[in-house]
Each structure stands twice: as C-alpha cells, then as structure tokens.
2 protein chains.
Amino acid sequence: MTTDSAAPRAQRADAQRNYQRILDIARIVVAEQGTEASLRDVARRAEVGLGTLYRHFPTRDALLEALMREGFERLAARAAALGESAPPLAALREWLADFAVGSARYRGLSGSILATLSDEESPLHAACLAMREGGARLLARAQASGDIRDDIDGTDLFALVTAVGWIADQAPAIARRQEHLLSVVLDGLAPRNAVA
Amino acid sequence: MTTDSAAPRAQRADAQRNYQRILDIARIVVAEQGTEASLRDVARRAEVGLGTLYRHFPTRDALLEALMREGFERLAARAAALGESAPPLAALREWLADFAVGSARYRGLSGSILATLSDEESPLHAACLAMREGGARLLARAQASGDIRDDIDGTDLFALVTAVGWIADQAPAIARRQEHLLSVVLDGLAPRNAVA
DNA sequence: ACCTGAACACCGTTCAAGT
DNA sequence: ACCTGAACACCGTTCAAGT
C-alpha cells in the first residue's frame, strides 16, 4: 500500500493550466454577471472548449465552490479565533458582520448559499459546513451566556443573515440600509424578557 | 367630449377570449414552475401563438401583475380595514402575516416583488403601491403608539418580511420555521429601551 | 385589429472524435 | 488523459405575413 487510493494523482500540465485559467476568468465573469453567469461565456473568455469547463467543474455549484472555498475557510477560522478572544455576544456579532459581507460578495450568491442548505448533493453544501458549524458554536456560546434567545438554532440564524444580504441583491435602492436591517434582525435575537 | 381618451376600447371577442385563456393557464404554470416559468410553455398550453401572449403581456412582469392584482387589492383593503378596527400593534402584525402569505404564494414571487421596488418601470411596481402604502400607514400608526421602533420605514419592513418569505423559497428544509422567523424579525422591531 | 409561427440570438448539457 | 466543438433541446423576443 504505497499509494493511497484517494491520493491526488498528478494532473497533466495542460489540465492544470486550464483549471486555473477557468477559475481566474470565472472570478471575473461571476463578478460581472452574478452566480447565474453564462458558463459558455466563461469557457469562451478562458479560451477553452466548453467540454473542458464541464470536465473540471461538472456543475455550476462545483465552480462556485472552488470560487468560494478560501472565503469559507477563512470564516471558519475566524469563528474559532473569535470564540477564544472575544466575549460571546461581541464575537457573534462580529462574525455575523463578516459572514454577511462574504455571503453577498457576488450577485445571486445569497441564493446559491441558502439553497445549498437543503441540497446535500451540492459541493457547496460540504464547503459551507465547517463555516456553519463555527457560526453555530458562537451562537450556542452567546445563548449559554444569556445574550441570545434560546429558541433559534444555527440554521435559523444562517438563513436570516443570508436573507438580509439577499435584500440588497434584489433591490439596490435598499442596499444602503443593509447594515441597519441586520442590526434590527440581531435585536430580535435578544432574550425575551417577560416585561409584558 | 363624450368619449374619454382613456376609455377602455371594446376588445374584439377573440382577443378577450385569448387574454382570459392565457391568464388561466398562466396561473397553473406559475403554480407549477414559479415566476420564472417558461412563457413558451404558457402559450403552448393556452393554445395561442407566442406572439399573442406577448401582445397581451409585453413583459413577464405584466403577466405577473395581472396574476397578482386581485391579491394586492385585497391586501390594500385589508390594511385600511385593520387600521379602523384593531389596535395599532395587533393590526400591523395581522396584516404582515397576511402579506407574508401572499408574497410567497408562488415560488420566486418574493424576488419578483422585492426587485420591483427598485424598478419603477415594472407594472408590478404600480400594482404594489397601494398595498405598500396601506402597510406603511399601519406601521406609522404602530410607531405613533410607541409599539414599534422609529428608525425603520415602510420599505425596510416590506423588505424584511419579503426576505423571510424568500427563505422558505430557497430552502424547503426551513420552510416550517417561517412563522417563527417572522416573529423573531418582528421582535426586532420593538422599541429600543435603553436598558443597557 | 388581432393572430401566427418562423427567425434570431442566446442558453445548459452531452458526447463522439480527435491528440 | 485530456481537449474540442458540434449536436440537442430548450429559452426570450421580434416581426413579416396572414385573416
């Protein structure tokens, strides 16, 4: 057993180059057109055959996953760090602000990310997992300290923050209210005290 | 001046029939496929030429507007009624629950409705206006009575509630949490008391 | 006055043929 | 082992030709 069956086989040089070309161009095209960008356009501008794009990225979500992986990993790491360094509520708020920015980086990304929650086949699902768990831990911590109400879970929070990002996506006119709307939602997460 | 220039000219019988056929079928197809339904499919199943569909409904939003008009008018009327009959906060909450249901009636509708806020050309924009104003009045009333914080306006509220509807749209797994998420958001609208 | 469907310019996805 | 692009089955939108 000198070679692991899951060992990454060395790619041919042209394949490696094409993969990188596609990814670089995809970043540009998705920035321009959003997550529903024309894949044909990506292939054209990357100067590869359409089949080559599909060989490297069998689905649109596979391409998005490659585009977002770094960002997701960064958010997961940031959650862990904040969990050590900041008080529960502050840590959660700071992380959510970061997440809100990341999940709205491209037009349509909020939708792609939220839809992926229900679709376990999507490569985005797995890519988001560690980040989601990091956020969920910060939430649980803030709930344990009594800063956040107990009747919401990580998925609820994830969905709510993504939804606020989606608002700016759909209606540019409200985009400047995004931060404020997020803080309104977070205010709703305060513990319910029975003050009648 | 016996005839108003804006008077509705009598339509030819076949035109009238086609209009109705398209609308009836569109209701079915949009229920099946959502607001991004294939217009070709609508024309096919309504057994009219594709051009006939475009003649009656020049844009997708024009078709959606015809589909939703009644519902919007009902919501506008309901806002007025609740403004007379119920205490400020209860009226607002009840109306928002109604609105939440209506704005999520079809898959994709939340998006179509919110996008229309920024697009004044869309026929949906005008169709929503009276309803939005009705909601805004209920909001202002609840703010005047001190039940709702002052730093949000009708557009903010409209966007937030639509966004909660969108969540269920994207992730069926969370659909059953919709009511709860809406109540979390509404809790965030409570006045900010300086309780440190 | 209204209807029709072909025509145009796009998609996503697959796959036989090439190197 | 990988690349290519034609082929297929769809779109939305327009518009000349018909009745």
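Convention: sequence-line order gives letters A, B, ...; per-chain numbering from 1. Given the structure is predicted, the values throughout are model-derived calculations rather than measurements.
- For the 3.5 Å distance criterion, the side chains of B:Ser110 and B:Ser103 fail to qualify, holding no donor opposite an acceptor.
- Formation of a donor-acceptor pair under 3.5 Å by the A:Arg60 side chain with backbone atoms of A:Thr35 is found in this model.
- Under a 4.0 Å N-O distance rule, the pair A:Arg27/A:Asp24 does not qualify as a salt bridge.
- Taking 4.0 angstrom as the limit, B:Asn18 places a side-chain polar atom (N or O) nearer than this to OP1 or OP2 of C:dC3.
- Between A:Asp169 and A:Arg107 there is no salt bridge, since no side-chain N of the basic residue sits under 4.0 Å from a carboxylate O of the acidic one.
- Here the side chain of B:Arg149 pairs no donor or acceptor atom with the backbone of B:Arg192 at under 3.5 angstrom.
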Going 5' to 3' through nucleotides 6-19 of chain C, assign each nucleotide B (protein heavy atom under 4.0 Å from a base atom), S (under 4.0 Å only from sugar-phosphate atoms) or - (no protein heavy atom that close). -B---BBBBB----

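- Straight-line distance from the CZ atom of B:Arg55 to the C1' atom of C:dC2: 5 Å, rounded to whole Å.
- For B:His56, no side-chain nitrogen or oxygen approaches OP1 or OP2 of C:dC2 to under 4.0 Å.
- For the 3.5 Å distance criterion, the side chains of B:Thr52 and B:Asn18 fail to qualify, holding no donor opposite an acceptor.
- Defined by atom type and a distance below 3.5 Å, a donor-acceptor pair is present between the side-chain atoms of A:Ser145 and A:Asp147.
- Straight-line distance from the CZ atom of A:Arg17 to the C1' atom of D:dC2: 12 Å, rounded to whole Å.
- Counting non-hydrogen atoms of other residues, nucleotides and ligands closer than 6.0 Å to CZ of B:Arg45 gives a total above 12.
- Helical stems in DNA chain C, defined as runs of 3 or more consecutive Watson-Crick or G-U wobble pairs with both donor-acceptor distances under 3.5 Å, are listed by first residue as C:4-8 with D:12-16, C:12-16 with D:4-8.
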